[in-house]
Amino acid sequence: MSRATTARKGKRRVLSGLRPTGFTHIGHIVGALENWVRLQDDYECFYTIVDWHALTTEYQKPDAIRASVLELFAEWLAVGVDPERSVVFVQSHVPQHAELYLAFAMVTPVPWLERVPTYKEQQQELAGRDLSTYGFLGYPVLQTADIALYKADVVPVGEDQIPHLELSREMVRRFNHLFGKVFPEPEPKITKTPRLPGTDGRKMSKSYGNSVNLQDDGATLREKILTMKTDPARMRRGDPGNPDVCPVYDFHKAFSKPDELELVNRECRTAGIGCVDCKKIMLGNLEPRLAPMRERRGQFIKDKDTLRDVLRRGAERAREEAERTMQEVRDAMGLVKP
């Protein structure tokens, strides 16, 4: 029986992470964090703040990344991630990530990286930044190292992220073919969540300035929602609309009750309600969902020493597991022991 299948027993293992590049927005909450909270019931979970990943695009702003780490952690806690039930840590606090990243880099063909869908897309979206770096090209290798280091069985992904995980599976297969089966091939766990556009209808992104953030107070939240773009063809109150092309309706799918969702769909198409009415219904469901999280976040961020201490303990647990894996990797690759 292979090392990969005999390494441990019990719950299957999950690995996931987010980049500390600013505040958590509601797309992160419904698309990742609330799912992470649910996974804690059935899986052994490793959740990491991937600051090295942040450097692949934000390397000119290291101070901003550093400042975002504790903010991000406080927001994870506010949503319900529990460090007593999951291993929560900062990526750069576990140097074995970099060591395994180097090992995978030695055997990963460059054309595999150049064909990644988001490689050229992000270069176009972030045209004002110099992304002609090895770090940016090689971020899928680091991503694979993050997953493989803990021998994760499962990675929660949206449907649009499946190609990225398939590339990680290819890298793992190539490593195992060359050096013996050290790693399991991670499986995708599809998270079916509504896609939340930004307030301007584009992809929600902090870099676009169109995000609705967990830390937004009630007044800011109200202003953002009431000024959101809607169906561009609905110019006047009496014009029938099409919810399928309206960003506000995407928010309803995530935050409104089924009967309200049906009402908005029907009344929008018949001009029974206006866009402001539609937004107010959605806001009435969104604010109660976010307010308790926002309050908890405010309490957590007041005690940064405790946050740092919890992350240190999480890194210690992660390093123990990571070093066990790296001992296998060094042996498999025939590296001379010191």
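Numbers here are sequence positions counted from 1.
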Original post:
Between SG of Cys275 and CZ of Arg237, what distance do you get to the nearest 0.5 Å?
Top reply: 9.0 Å
**OP:** Walk me through it: do Cys268 and Tyr249 pass the test side-chain contact (heavy atoms from CB on, under 4.5 Å)?
**Re:** CA-CA 10 Å; Cys268 175; Tyr249 191 64; over 6 Å; no
Original post:
Distance under 6.0 Å and angle within 45° of the ring axis: does Arg289 meet both against Phe255?
Top reply: no
Original post:
Hey, which of Glu262, Glu267, Arg269 is the one that makes side-chain hydrogen bond (donor to acceptor under 3.5 Å, both in side chains) with Asn265?
Top reply: Arg269
**OP:** Answer whether the closest heavy-atom distance between the side chains of Lys61 and Thr21 falls below 4.5 Å.
**Re:** no
Original post:
Looking at Ala152 and Pro184, what are the two nearest heavy atoms and their distance?
Top reply: O-CG, 4.1 Å
Original post:
Okay, side chain of Thr325, backbone of Leu149: is any donor-acceptor separation there less than 3.5 Å?
Top reply: yes
Subject >> Side-chain heavy-atom pair Val141, Leu113 within 4.5 angstrom cut-off >> reply: yes
Subject >> Smallest separation among heavy atoms of Leu131 and Thr57, with atom names >> reply: CD2-CA, 3.9 Å
Original post:
Does a side-chain N-to-carboxylate-O contact under 4.0 Å join Glu321 and Arg324?
Top reply: yes
Original post:
Rounded to the nearest 0.5 Å, what separation is found between the CD1 atom of Ile147 and the CG atom of Leu142?
Top reply: 10.0 Å
Subject >> Glu295 atom CD: more than 12 heavy-atom contacts under 6.0 Å >> reply: no
Original post:
Rounded to the nearest 0.5 Å, what separation is found between the CG atom of Leu39 and the SG atom of Cys45?
Top reply: 5.5 Å
Subject >> The single option from Asp51, Leu55, Val50 passing side-chain contact (heavy atoms from CB on, under 4.5 Å) against Arg19 >> reply: Val50
Subject >> Salt-bridge contact Arg85-Asp41 (side-chain N to carboxylate O under 4.0 Å) >> reply: yes
Original post:
Does His252 reach the main-chain N or O of Cys278 with its side chain, forming a donor-acceptor pair under 3.5 Å?
Top reply: yes
Original post:
Can you tell which of Arg297, Glu75, Gln215 makes a side-chain hydrogen bond (donor to acceptor under 3.5 Å, both in side chains) with Thr24?
Top reply: Glu75
Subject >> Side-chain heavy-atom pair Tyr43, Asp153 within 4.5 angstrom cut-off >> reply: no
Subject >> Val182 backbone acceptor or donor facing Asn176 side chain under 3.5 Å >> reply: yes
Subject >> Side chains of Asn210 and Asp200, donor plus acceptor under 3.5 Å >> reply: yes
**OP:** Examine distances only and state if a side-chain atom of Arg174 and a backbone atom of Thr108 form a donor-acceptor pair shorter than 3.5 Å.
**Re:** no
Original post:
Between the main-chain N or O of Val154 and the side-chain N or O of Arg12, is there a donor-acceptor pair closer than 3.5 Å?
Top reply: no
Original post:
If you measure from CD on Gln96 to CD on Gln327, what distance do you get to the nearest 0.5 Å?
Top reply: 9.5 Å
Original post:
How many angstroms lie between atom SG of Cys246 and atom NZ of Lys279, to the nearest 0.5 angstrom?
Top reply: 8.0 Å
Subject >> Val14 versus Pro156, closest heavy-atom pair with distance >> reply: CG1-CD, 3.7 Å
Subject >> Any Thr144 side-chain heavy atom under 4.5 Å of Val172 side chain >> reply: yes
Subject >> Joint hydrophobic cluster, Leu196 plus Val37, side-chain heavy atoms closer than 4.5 Å >> reply: yes
Original post:
Going by heavy atoms in the side chains, are Met228 and Lys224 under 4.5 Å from each other?
Top reply: no
Original post:
Does any non-hydrogen side-chain atom of Glu328 lie less than 4.5 Å from one of Asp331?
Top reply: no
**OP:** Say whether, by atom type as modelled, one donor and one acceptor occur between the side chain of Arg234 and the main chain of Asn242 under 3.5 angstrom.
**Re:** no
Original post:
Side-chain donor-acceptor pair under 3.5 Å between Glu260 and Asn285, yes or no?
Top reply: yes
Subject >> Nearest atoms (heavy-atom pairs only) where Arg319 meets Pro95 >> reply: CD-CD, 4.1 Å
**OP:** Answer yes if Val264 and Val30 sit in the same cluster of Ile, Leu, Val, Met, Phe, Trp and Tyr residues linked by side chain heavy atoms under 4.5 Å apart, and no otherwise.
**Re:** no
**OP:** Establish whether Phe104 and Tyr139 are linked, either directly or via other cluster members, by ILVMFWY side-chain heavy-atom contacts under 4.5 Å.
**Re:** yes
Original post:
Would you call Glu99 and Arg330 a salt bridge, using N to O less than 4.0 angstrom?
Top reply: yes
Original post:
Hey, which of Pro20, Ser92, Ser68 is the one that makes side-chain contact (heavy atoms from CB on, under 4.5 Å) with Ile49?
Top reply: Pro20
**OP:** Verify side-chain contact (heavy atoms from CB on, under 4.5 Å) between Ile301 and Leu307, making sure each step is shown before the conclusion.
**Re:** CA-CA 8 Å; Ile301 202 61; Leu307 294 178; 4.0 Å; yes
**OP:** Kindly indicate whether the side chain of Gln40, heavy atoms from C-beta on, has any atom under 4.5 Å from the side chain of Asp82.
**Re:** yes
**OP:** Compare all side-chain heavy atoms of Glu34 with those of Ile29 and state whether any distance is below 4.5 angstrom.
**Re:** yes
**OP:** Report the relative orientation of the aromatic rings in Phe73 and Trp76; use parallel for angles under 30°, tilted for 30 to 60°, perpendicular for over 60°.
**Re:** perpendicular
Subject >> Lys189 atom NZ: more than 12 heavy-atom contacts under 6.0 Å >> reply: no
Subject >> Nearest-0.5 Å distance that lies between atom NZ in Lys253 and atom CE in Met282 >> reply: 13.0 Å
Subject >> Atom CD of Glu323: over 12 foreign heavy atoms under 6.0 Å >> reply: yes
**OP:** Verify side-chain contact (heavy atoms from CB on, under 4.5 Å) between Leu286 and Leu290, making sure each step is shown before the conclusion.
**Re:** CA-CA 6 Å; Leu286 175 60; Leu290 295 183; 3.6 Å; yes
Subject >> Transitive ILVMFWY side-chain link Tyr208 to Phe23, under 4.5 Å >> reply: no
**OP:** Classify the angle between the aromatic ring planes of Trp36 and Tyr47 as parallel (below 30°), tilted (30 to 60°) or perpendicular (above 60°).
**Re:** parallel
**OP:** Might you work through the salt bridge (Lys or Arg N to Asp or Glu O under 4.0 Å) test for Glu166 and Arg169, ending with a clear yes or no?
**Re:** CA-CA 5 Å; Glu166 184 54 40; Arg169 288 165 56 85; 3.3 Å; yes
Original post:
Are the side chain of Asp216 and the backbone N or O of Val212 linked by a donor-acceptor pair below 3.5 Å?
Top reply: no
Original post:
Is it true that Asp277 and Lys280 have a side-chain N and a carboxylate O under 4.0 angstrom from each other?
Top reply: no
Original post:
Do the side chains of Ile281 and Leu226 join up, straight or via other hydrophobic residues, at under 4.5 Å, putting them in one cluster?
Top reply: no
Subject >> Exercise: identify the closest heavy-atom pair between Leu18 and Leu33 >> reply: CD1-CD2, 4.0 Å
Subject >> Donor-acceptor contact present, side-chain Arg222 to main-chain Asp217, <3.5 Å >> reply: no
Original post:
How far apart are the closest heavy atoms of Asp146 and His53, and which atoms are they?
Top reply: OD2-NE2, 2.8 Å
Subject >> Ring geometry between Phe89 and Phe46 (parallel below 30°, tilted from 30 to 60°, perpendicular above 60°) >> reply: perpendicular
**OP:** Could you please spell out the steps behind the side-chain contact (heavy atoms from CB on, under 4.5 Å) verdict for His164 and Leu167?
**Re:** CA-CA 5 Å; His164 301 109; Leu167 177 56; 5.8 Å; no
**OP:** Go through the side-chain N and O atoms of Asp309 and Thr306 and say whether any donor and acceptor fall under 3.5 Å apart.
**Re:** no
